Amino acid sequence: MNKDMKILIVDDFSTMRRIVKNLLQDLGFNNTVEADDGNTAVPVLKAGGIDFVITDWNMPGMTGLDLLKTIRADAALKALPVLMVTAEAKKEQIVEAAQNGVNGYIIKPFTAATLKEKMDRIFERLQQSAA
Amino acid sequence: MNPQNTTPATDREAVLLEGVTRIHERLQQSLRSLQLDERLARTTGTELPDAAERLDHVIRLTEEAAHRTLDLVDEARAVTGQLLRAPQPALQREQTTEINRLLSEMALAQSYQDLTGQIIRRVVTMVRGTEDALRTLLTAAGVEPQSLPEEWDGRANGPAITKHDAGVSQDDADDLLSGLGL
């Protein structure tokens, strides 16, 4: 796992962005940028250079699910790994996210260990599919 | 023969209007007799806007407290970082005292819970009062309030809390996703 990769954190609550950023620093990822909903995340993604997206679902403006759909529909972005970190916990929602190509799903509140485990799993799977 | 078919349109309208007027009068009468008109007027004009304002304030207070705590965590980590990277016995006492001070401030920052708890408790009382008034109104109208599981409407709804939310745990989510090949 490349520790220099650039991670985009999308959440409407600045406190949650900060918590995720701190946890990522503990895991050795210091290269992070932030956006407060899908609408502000899209231009950051289109500008290029983002290697990984961690997004909330429930946000005003564009939701995380719509952001995921936008990423998967964009030729330049569609291979980008997306980890959803959200309080949304209905079975239908998890299935919906999976069907739209999410790479991982974490239900808030979560622990540092869960974040590490899901990120490791995403990269493992990406490596497997690339091999 | 159905008598409605023989009634001219204007007569049918008159009958309908009379029916609606009767229902309207009965509803107004029940509203007044149960003093619901006053209660609902107060709820709509005062209590609901008031509750929204109070809850907005709770969002502000919790956000401020979380940032304050995270600031203190950052400060404390800077000190523990120094201790780990370049331990200096001469500074140890000073650094430990500083960490203690930061921990005390973190504890103090949790006092938001008392304030927000009081505000939320007041809003809960108001919500229950509104529920009571609406329940009385529905009963007067002959409608039974229903307790139904919430079906997902395609929108995000925030954390699952009540039995109606039907949220799953992280373990359930993991099982579900591995079943879908993730």
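As a basis for the values below, the full set of heavy atoms in this structure was taken, side chains included, without hydrogen atoms, waters or symmetry mates. Since we're looking at a predicted model, the values are computed, not measured.
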- Item | A:D26 and B:R77: CA distance, side-chain angles, deciding distance, salt bridge (charged side-chain N to carboxylate O under 4.0 Å, His left out) verdict | CA-CA 11 Å; A:D26 286 345; B:R77 286 179 137 192; 2.7 Å; yes

If you count the non-hydrogen atoms of other residues, nucleotides and ligands that lie under 6.0 Å from [atom1] in [X], is the total more than 12?
| X | atom1 | result |
| --- | --- | --- |
| A:K90 | NZ | yes |
| B:R122 | CZ | no |
| B:E53 | CD | no |

Between [X] and [Y], is there a shared hydrophobic cluster once you connect ILVMFWY residues whose side-chain heavy atoms come closer than 4.5 Å?
| X | Y | result |
| --- | --- | --- |
| A:L23 | B:V73 | no |
| B:V127 | B:L137 | no |
| A:F13 | B:I120 | no |
| B:V58 | B:Y112 | no |
| B:L48 | B:L138 | no |

- Query: Can you tell me how far the CG atom of B:L182 sits from the CD1 atom of A:I94, to the nearest 0.5 Å?
  - Reply: 11.5 Å

- Query: Picking from A:Q93, A:K118, A:M59, which has the most non-hydrogen pairs under 4.5 angstrom with chain B?
  - Reply: A:Q93

- Note on the structure: Ranked by heavy-atom pairs below 4.5 Å to chain B, first place among A:I106, A:I19, A:T63 goes to A:I106

- Distance-only, no hydrogens or angles: does the B:Q170 side chain make a donor-acceptor pair with backbone N or O of A:Y105 under 3.5 Å? yes

Between [X] and chain B, which part of the residue has a heavy atom less than 4.5 Å away: side chain, backbone, both or neither?
| X | result |
| --- | --- |
| A:I122 | neither |
| A:T15 | both |
| A:D56 | neither |
| A:K108 | neither |
| A:Q99 | neither |

- On a heavy-atom basis, the closest approach of A:N58 and B:G158 is ND2-N, 3.4 Å

- Looking only at heavy atoms, what is the nearest atom pair of A:R125 and B:G181, with distance? NH2-O, 2.7 Å

Using non-hydrogen atoms and a 4.5 Å limit, figure out which bit of [X] sits close to chain A: side chain, backbone, both or neither.
| X | value |
| --- | --- |
| B:D71 | both |
| B:T69 | neither |
| B:L70 | both |

- Query: Does the side chain of A:S14 pick up a donor-acceptor pair with the side chain of B:H67 at under 3.5 Å?
  - Reply: yes

- Message: Quick check on the interface: out of B:L177, B:D172, B:V168, who has the most heavy-atom pairs with chain A under 4.5 Å?
- Response: B:V168

- Item | Cationic N near anionic O, under 4.0 Å, B:D74 to A:R18 | yes

